[in-house]
Amino acid sequence: MRRPSTLAFMMLALLGVLVVLIFAHSWQLTVTDQSRLLANRALVTQLGLTDLSLFSESRYTRHPSQADLHSALQDHPGAFDHFPTGSLISPPAHLNKPHERLAGKTTSPD
Amino acid sequence: MNVWLEKQRHLIDFTLASLARRKTKNLGLLLAYAVLVFVLASLALFTQALRTEASFVLAGSPEVILQRMVAGRHDLIPPGYIEKIGRIRGVQKQEGRLWGYYYDPVVNANYTFMARPADEVASGSIMVGATLARARGLAAGNVISFRSYSGKLFAFKVSAVLSPDAELLSADLVLLSEADFRAFFEYPAGHYTDIALSVANPQEVRKVAEKLSTTLPDSRPILREEVLRTYQSVFDWREGIMLTVLAGAILAFAILSWEKASGLSAEEKREIGILKAIGWETSDVIRMKMWEGLLISLTAFLLGFIAAYVHVFYFGAAVFEPVLKGWAVLYPRFALVPTVDGLQIATLFFFTIFPYTAAVLVPIWRAAITDPDSVMRA
């Protein structure tokens, strides 16, 4: 029968190897990841974009880096959101309600 | 050396056998410990990946954006402004940008409209972001109409949908020709939203910004480094919010592990007494307990970290997604590129392993230096 320490070392070695693989994986970007990142940077350069398109509810959350500095509700870019967008509150139910998508399917412009 | 190693292995064997005698208690502790590391590591990995992605892609944004301020608010760039900038040394290229927001009542979402040169987007056509296309059920070739702020209806043909890989940048983007943009928003001729500047020498960016402020006192230059810093701080505070929410759990675990590590049960005290009585040195008892602390904390750290990596990069951080990602009506679908910050993980390693291992030692040392007979009778 194997000694308990042998089993423990084997388990720790296995976990250690997995952690090393994780570091190696994260340092060596895959070709897909690299080409996606480069394509996105090229898009930013081409369109002159300044912000990530994460929260489109208000001007200062859609473009936090371009937000006005000192006007009310347009605080400095690092300020906490006043709007629920991007906050801990979940979206109102009616926004998640599924409904029939007719856009693009009608004969006349919708 | 071999003798020393063999001695340590025997100590570890004994420690594991001792842990196995209180299996449920120790497995429970290991699980709680691993879950805590998992939560903290998930948080660190997710925000680090977002920060890295933002700083990589936004490194391509314009070196300087010049806004005009009127009464503390962003205003349109009037004609003649761009020509004044052209005379500032160091400015390689200046380009007036036209962009604005449009609220679409159909999906209750805001879009960002941006004008592009005629060779990129033909008049009467638009290019849309993949998230917007999904929300409105659009594909290339479809026609969509928007009612402008003046009440007129404008119909556009979707010439292309932007790559879904770029959703993080273009979720709500509508690209249209300059003529269409001006007609849709009734933008005054010769006016622009802001100006994008490129500076030949990166060392001169700050100097150019200073000159811009002097030449155009009503302007506000926004440097690329400020854009990058904004995103660092945005994700820093999201991480901070999550840590604040978790503070109670972290504290509860600290109390649990301190209680477990520093308070010895009667059974453990008797065990130490017996070991001392049969000839174990104090140092051996301390070493044995040190191995116990190290084995539990190291296993918990490795398990928690590996689980966190899989959770963040293969399951999209499903557990903390609502808090870390936030929400918006038009929320982009995106996969993060795996990134691990060695220093961040080393800090987590230190703060999870060291305190527990150290907390184990103090009561053991106290019990190990007392008389075995009194320890066993206690």
Side-chain angles (χ1 to χ4, degrees), chain A residues 3-5 7-9 11-12 15-16 18-19 22-23 25-27 29 33 36-37 39-45 47-59 61-66 68-71 74 77-78 80 85-88 90-91 94-95 101-105 109-110, chain B residues 9 12-13 16-17 54 56-62 65 72-74 97 101 108-110 112 114 136-139 142-145 155 165-166 168-173 196 222 226-227 230 233-234 237 241 295 298-299 302-303 305-306 309 322-323 326-330 332 337-340:
Chain A
R3 289 168 64 175
S5 59
L7 290 174
F9 284 140
M11 185 194 68
L12 284 175
L15 293 174
L18 283 174
V19 169
I22 281 176
F23 272 89
H25 181 234
S26 69
W27 280 329
L29 285 181
D33 285 338
R36 185 175 68 80
L37 282 175
N40 281 350
R41 189 192 272 184
L43 184 78
V44 168
T45 309
L47 302 181
L49 301 178
T50 51
D51 290 84
L52 299 184
S53 176
L54 282 170
F55 313 115
S56 53
E57 198 177 23
S58 69
R59 281 185 292 163
T61 55
R62 173 62 183 89
H63 291 101
S65 73
Q66 310 293 303
D68 290 355
L69 282 178
H70 305 299
S71 42
Q74 294 282 304
F80 280 77
T85 188
S87 69
L88 304 179
S90 57
H94 74 271
L95 291 178
R101 300 274 180 224
L102 294 174
K105 292 178 187 166
D110 38 14
Chain B
R9 282 197 66 181
I12 293 169
D13 285 337
L16 289 167
F56 185 87
V57 295
L58 293 176
S61 67
I65 293 282
R73 301 205 58 181
H74 180 194
R97 299 197 314 161
Y101 302 108
N108 295 318
N110 293 310
T112 302
M114 190 174 232
R136 290 295 308 258
L138 291 173
N142 288 164
V143 173
I144 186 167
S145 58
D165 285 343
L168 193 58
L169 293 154
S170 62
D172 65 341
L173 218 53
I222 302 166
E226 289 171 331
V227 170
T230 299
S233 66
V234 163
W237 84 248
I241 284 182
L295 283 172
L298 189 61
T299 311
L302 293 172
L303 280 175
F305 176 67
I306 293 165
Y309 188 83
V323 182
W327 67 274
V329 180
L330 283 184
V337 175
T339 321
V340 181

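Each chain gets a letter, A, B and so on, in the order the sequences are listed, and its residues count up from 1.
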Flag the one option from [options] with the top tally of heavy-atom pairs under 4.5 Å to chain A.
options	result
B:Leu16, B:Val337, B:Thr339	B:Val337
B:Leu302, B:Ile12, B:Val340, B:Leu169	B:Leu169
B:Leu298, B:Ile306, B:Leu173, B:Leu303	B:Ile306
B:Leu58, B:Val227, B:Ile65, B:Asp172	B:Asp172

Using non-hydrogen atoms only, which part of [X] is less than 4.5 Å away from chain A: side chain, backbone, both, or neither?
X	value
B:Ala109	neither
B:Arg97	side chain
B:Leu168	both
B:Ala196	neither

#### Entry: Heavy-atom donor-acceptor pair, A:Thr45 side chain to B:Gly60 backbone, under 3.5 Å
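The answer is yes, because a donor-acceptor pair under 3.5 Å joins these two groups.
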### Task
Spell out, as yes or no, whether a donor-acceptor pair under 3.5 Å connects the side chain of B:Asp165 to the backbone of A:Asn40.
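Absent.
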### Task
Look at A:Gly48, A:Ala39, A:Ala42 and state which one has the largest set of heavy-atom pairs under 4.5 Å with chain B.
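Most heavy-atom pairs under 4.5 Å with chain B: A:Gly48.
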### Query
Between A:Thr50, A:Ile22, A:Leu18, A:Leu43, which shows the greatest number of heavy-atom pairs under 4.5 Å with chain B?
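It is A:Ile22.
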### Query
Should A:Asp33 and B:Pro338 count as side-chain neighbours, where that means a heavy-atom distance under 4.5 Å?
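With C-beta onward as the side chain, the pair touches.
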### Task
Indicate yes or no: at least one non-hydrogen side-chain atom of B:Pro332 is less than 4.5 angstrom from one of A:Leu54.
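Side-chain contact under 4.5 Å: yes.
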### Query
Which pair of non-hydrogen atoms, one from A:Leu37 and one from B:Val57, has the smallest distance, and what is that distance?
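Of all heavy-atom pairs spanning A:Leu37 and B:Val57, the closest is O-CG1, 4.0 Å.
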### Query
Do A:Ser5 and B:Asp13 have a side chain donor and acceptor closer than 3.5 Å?
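Looking only at side-chain atoms, B:Asp13 and A:Ser5 do form a donor-acceptor pair, the distance falling under 3.5 Å.
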### Task
Give me the ring orientation class for B:Tyr309 and A:His25: parallel if the planes are under 30° apart, tilted from 30 to 60°, perpendicular past 60°.
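B:Tyr309 and A:His25: perpendicular rings.
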### Query
Which bit of A:Leu7 comes within less than 4.5 Å of chain B, counting heavy atoms only: side chain, backbone, both or neither?
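For A:Leu7, there is no contact with chain B at all, as no heavy atom is under 4.5 Å.
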### Query
Checking heavy atoms, do the side chain of A:Leu12, its backbone, both or neither come under 4.5 Å from chain B?
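Interface part for A:Leu12: both.
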### Query
Under the criterion side chain to side chain donor-acceptor pair (under 3.5 Å), which of A:Arg62, A:His63, A:Arg59 is the partner of B:Tyr101?
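Per the side chain to side chain donor-acceptor pair (under 3.5 Å) rule, the option paired with B:Tyr101 is A:His63, out of A:Arg62, A:His63, A:Arg59.
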